[in-house]
Every structure is written in structure tokens, then in C-alpha cells.
J.: 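Structure provided below as C-alpha cells; questions to follow.
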Amino acid sequence: MNLLHHHHDGPAPQVGDEDDEDTPPIVITGLRNGFDGNIVHDGLDLTVKRGEIIGVVGGSGTGKSVLMRSIIGLQIPLAGDIEVLGESITDARDDSDIDIRSRWGVLFQGGALFSTLTVAENIQVPLKEFYKDIGPELLDEIARFKVTLSGLPEDAAAKYPSELSGGMRKRAGVARALALDPELLFLDEPTAGLDPISAAAFDNLIGELQATLKLTVFLITHDLDTLYAICDRVAVLADKKVIAVGTIPELLESKHPWIQEYFNGPRGRAANSSAQTKAVDKPIAEKA
Amino acid sequence: MREPPDFTAETDAQGAVTLALKGALLVSRIGAFDQRLREIAEPIAKIDLAGVSAIDTVGAWIVCRLSRQHDAQITGASAEAEKLIEAVSGPHDAEPITPPRPPAFIRVPEAVGALIVGIGSGSIQILGFMGAMLVSSWDIVRRPSHFRMTALVRQMELVGVNSLAIIGMMSFLVGIVIAQQGAVQLQQFGAQIYTVNLTGRLALRELGILMTSIMVAGRSGSAFAAQIGTMKLTEEIDAMRTIGVSPMQALVLPRVLASVLMLPLLGFYASIMAIIGGAVISWFTLDIPFLNFISRIRDVVPVTDLWVGLLKGPVFGMIVAVTGCYQGMQVSGNSEEVGLRTTMAVVQAIFMVIVLDAFFAVFFTKVGWI
């Protein structure tokens, strides 16, 4: 199965309103972020293309999570413009941007599931919030199929987050993020803290979901295997901006010392060679 | 914008019904549509999706459910729709998605039983907790370098110094109320001068320390429970243990000791503030000069009243701090537990303080400190 959905092959996805079908879902220009005079981003530009999985990498403290928080409106930038799905996040700070919020899903690093609600109730929270006319039977049915869609066993729906393992909690987080059938999915280090088998399974899940639901995925990760397995492009954060965006082969040409060290360090080479091996029996890693 | 979802049903010559779905089968506008589809009673042979302009997983699920329910064939689906329908048609054995809930005749006795067992095991556990505390204290007696002076001073500041304003204010007002209400009654038989006895004895013996304990339970006991509980949730307590720091010595003992030391002082301070409040109101309403009131206190209040108040202080302080720390240490699971345990810490501390206060009242009368 081809898990990758390439933004350039085939027609534009049929998701979302027709009017912004061709506009890139995320456009960041001149972003400047900082805390107490400590500047994290300065003049950061990034454009995410529709239907791609973009991986964001960078050393610790380069502001990957801050970048994501700025895009979803949790962090108010000092300067710059962020446009998500054709609407400006930096201008609309109040509830008027509520329309965009129903069109993205976010998976936080720890899952951020509501600990007093079951997995099914967690999935239903956004549905109940946005579409009050959905009846209780349909709500339950939606929760049920989202649980299976995220690769959880069916009995997980009735469980509380504290009864789930770390990997299952991430899947439940994805199920909640996908509750409203968003066009955009934000993932903050989805495979951190998972064992290699669960991490690989999670990568597959994201790849499959992206292909089936035609999502645009914004993925922060440290996991080189994830980058090789599912990312169409990789954006590298360093020196307070995005220093390079491109496919991994393109990035490998870069002369920047951090990029060289990242991809050509021992771990980078190991991930690369394992991706090459997989390419023999799976079309998935063809371009990697 | 896209047209809302709709359907038409057509019956062909053989009497088979074809349901033609139209419009956007999207989660944003499907609620009412789903209700209408559920009301269809007659069997459907075919579901035609040719008129569907957009579809998401919820739309696909509804189609999938309809086709299962009526054993109907799906026709005219776009490649995208087919992919989505396939994706959502996993096994759906209607596994319950709410946790099982037994009937009331089982639940109620079960809850009562759990409550009683909980009280029993809770009392044993709190005894165990106090035992562990004693062991830790003994460890500190043997190795005084393990004692955390900084933590103790910090807690004394939080429990004692920082609550001076609120306790002073509260006691002053309570003093006013006692003196004023007492004076109204005592005036009826010309004994208003006994307002001094009433205010002085009540404040020193009972109210000063009781009101202080309640205030400290609400202010500091709850803080202990919430703080330690949150540390428990974030595994900070486990981290401490691993490093070799005993949470008992680092967290519990400083808090308990600080409360034991501060409560008698706060109680005494509260009594004095209550007497000042009584003196001020008596000055205005009974024309007893302020200094006369104060000097009369010395004559009518036996010094044993002071001892009664001061002796109760450390005991109440112990109860408040131990309940707070104990409940904090019991937190496990989720954030709701922190709130629950904090509430329990405050309620239990106040209840225990009042029970013991009644016990003390009888005890001190029996030993002749009337």
C-alpha cells in the first residue's frame, strides 16, 4: 500500500471549502517570538503545502513547540503573520477564529486527554462543542469508529486515560484530534517515549490516516525514523529561523553544519540505512 | 457554500427502494440529516452516492451503517468515498462505550460498604502514616543533620506569619460579635460588666484556638494536600525517594512541625485580637473604657484558661497538618483526585478538631481547670 500522499500527484484533495483549495494551509511570514527578551524566533518563514506531511526538526530549545503553539494561536507572537487555512491567526485572537479551530486537530506531547472523561467522551468533546445537533446515538457511533480508526481496540473507548498505556494514550489523542475530520493535524513529538515497535506502528497509522483522510500534517519530531518513513518534507529550525525546507535528499546536500551532523551523525545514518532496507519490500521509502 | 445533505427514495418496478443521497455528507451539517435517516423504516436495496458532493468519515460512517442495517448495496461512490467507507467499516460489535454501571440495588449497598471499609482502612492507614512519621522523627533525632531547617522556617512563614492578617481580622470581628451579643443578654439583668468575663474566657479558652485551627485547616491544610498531591501525580515524590530523599523528612515533617509550633502562637494572638474587639465594642455600647476592660480581664480570667488554649494548639496543629499531608500522599490517578483529597483534608481536619475540642472541654473541666 502506498502510505504517502504526494501533494503533487493527482488533483487537490476534496476536503474543506473550495475557495481555499489552492492556498497553502499554513503560511508563516516574519514570525518573531520571545520570552522576557529572550528571542526564540526571529524572521521565521515557512509555508506548508496542502496534503503533505511536514516534519519539523531542530535542537532542543530551538522553539519547535513554540512554533506549533503560535500556529494554533496559543502563543501570541511579538511580530509576524501566520495564516492558517486562509485566515490570519495573528489578527483574530478572540472567538471569531472559532471556525478554523474546527478544521484542525492537535495532538499534544503528553496526549492532553481530559483525565476525568473516558476515551469515548474525550472524542465527543469537540463534536458536542461544535455540532450540537448531532444525536446521542450518532455521537456514540462516531466515538466507536474513531477509536478503531486510530488503531485502538474497541474496548478502549470505555476506559479512562489513566487505564491506558503511553502508546494507547497517543492513539486516543489522535482519535480526539480527528474527531471533527480536520484538514490539518498537528502532532507534537508523537513517537517520543514509545518503544520502536509502537513508534513504527504509530508512524504507519499517521501515514495511513493522512492518505485516507487527505490530511495536511504538521509534525514535530526528534525521531529520524519517522522523518524517513512518512515525511514528505522536513523543515529545519536553527538560528531562530527555518534554515532549510525540503526532502531529505535535498537537505543532505545542505552545507549547514547542524543539518550535516543531524542527518550524517551515527543515528541519522542508521535511520537512513534502515529506510533503504525497507525500500526493498515496501514502496513506502522509495524517495527516501 | 455546499448544499446541505438530503435524500430521495425511489421505488422501481420490482418494489426495491433506491435511496439517493445528495449534497455534502460532512460532520458539520449531518446531525438533523442523521435523525431523518434513522426514521426510515422500509427496507432499502440500494444506496446511490452519485449526488454526494463531499464526504468525510462521519458521512462515510452513516452510509456504512445504513448499508449494514438494510443490507443495501452502495453504488455511485467516488474513489474517495469508497476509501473512507472502507476505512470506517472496521468491526463494530456495539461494544459498550460507557463503563459498565451496575443497577441501583447493587450500587447503593456497594457504596455504603465501600464507605465503611474506607473509614476502617483509612483510620489504620493514618495510624500507619503517623507511625512512619515517628520513625522519621527518630531518624532525625539520631542524625540531626537530616533535619531541614530551611523548609521548617519557610513553612512557619507560610502557616504562621502569612496568616496573621486574616486571623487577626477574623478574631477581632468574632470578639465584637461575642461582646455585643453577650452585652444585649446580660444587660437585661444589669450584669453587663460580665461581658468582660464572657469575652475573655471564651476567647482564651475556646474561640481563639478553634477559629484559628479552622482557618489554618482551610488555608494551609488544603495547601499541603494539593501541593503534595500534585507532586505525587507528577512523580516528584517517587523521584525524591529514588534520589534517597525521604518525602517524610523533606515534605511532611517540616509542615507538621511548623503547624505544631505556629498554632499555639496563632491561637494566643487570635484570643488577644478577640479581646481587643470585645473591648472596643464595649467601649462604644457599654461605656466601659478600653483600659478598664483590659485590666478587668486580668482579674476575671484565670490563668488556667490561657493554658487550656495553649495546650490545645499543638494538638490541633498536628491534626490539621497530618490530615493535609496524609491526604496529599494518598493522591493517585488523575487531577480530579487532587481536588477530592484536598476537600477531604479540610473537612476531616475541621471535624477532628471540633471532636477533640469537645473532648478537651470535658477533660479540662474534670481536672478542675474550670
J.: How are the rings of B:Phe129 and B:Tyr326 set relative to one another: parallel (under 30°), tilted (30 to 60°) or perpendicular (over 60°)?
T.: perpendicular

J.: Heavy-atom pairs under 4.5 Å with chain B are the metric here; pick the option from A:Ile134, A:Leu149, A:Leu138, A:Thr116 that has the most.
T.: A:Leu138

J.: Measure A:Lys146 against the heavy atoms of chain B and call it side chain, backbone, both or neither at under 4.5 Å.
T.: side chain

J.: Heavy-atom cut-off 4.5 Å, strictly under: side chain, backbone, both or neither for A:Leu178 against chain B?
T.: neither

J.: Checking B:Asp34 against chain A: side chain, backbone, both or neither under 4.5 Å from a heavy atom?
T.: side chain

J.: Report which part of A:Thr212 has an atom under 4.5 Å of a heavy atom belonging to chain B: side chain, backbone, both, or neither.
T.: both

J.: Step by step, work out the salt bridge (charged side-chain N to carboxylate O under 4.0 Å, His left out) result for A:Glu141 and A:Arg144.
T.: CA-CA 5 Å; A:Glu141 287 164 9; A:Arg144 214 174 272 140; 5.9 Å; no

J.: Among B:Arg65, B:Arg38, B:Glu336, which residue forms the greatest number of heavy-atom pairs with chain A at distances under 4.5 Å?
T.: B:Arg38

J.: Hey, is B:Asp6 close enough to B:Arg36 for a salt bridge, meaning N to O under 4.0 Å?
T.: yes

J.: Can you say whether A:Glu137 sits under 4.5 Å from chain B via the side chain, the backbone, both, or neither, judging by heavy atoms?
T.: both

J.: Is it the case that over 12 heavy atoms from other parts of the model lie below 6.0 angstrom from the CZ atom of B:Arg107?
T.: yes

J.: So, applying side chain to side chain contact (heavy atoms under 4.5 Å, CB included) with A:Phe218, which one of A:Ile53, A:Ile71, A:Ile72 is it?
T.: A:Ile71

J.: Checking B:Glu80 against B:Ser78 for the side chain to side chain donor-acceptor pair (under 3.5 Å) test, could you report, in this order, the C-alpha distance in whole Å, the side-chain angles of both residues, the deciding distance, and whether it holds?
T.: CA-CA 5 Å; B:Glu80 192 199 351; B:Ser78 62; 4.9 Å; no

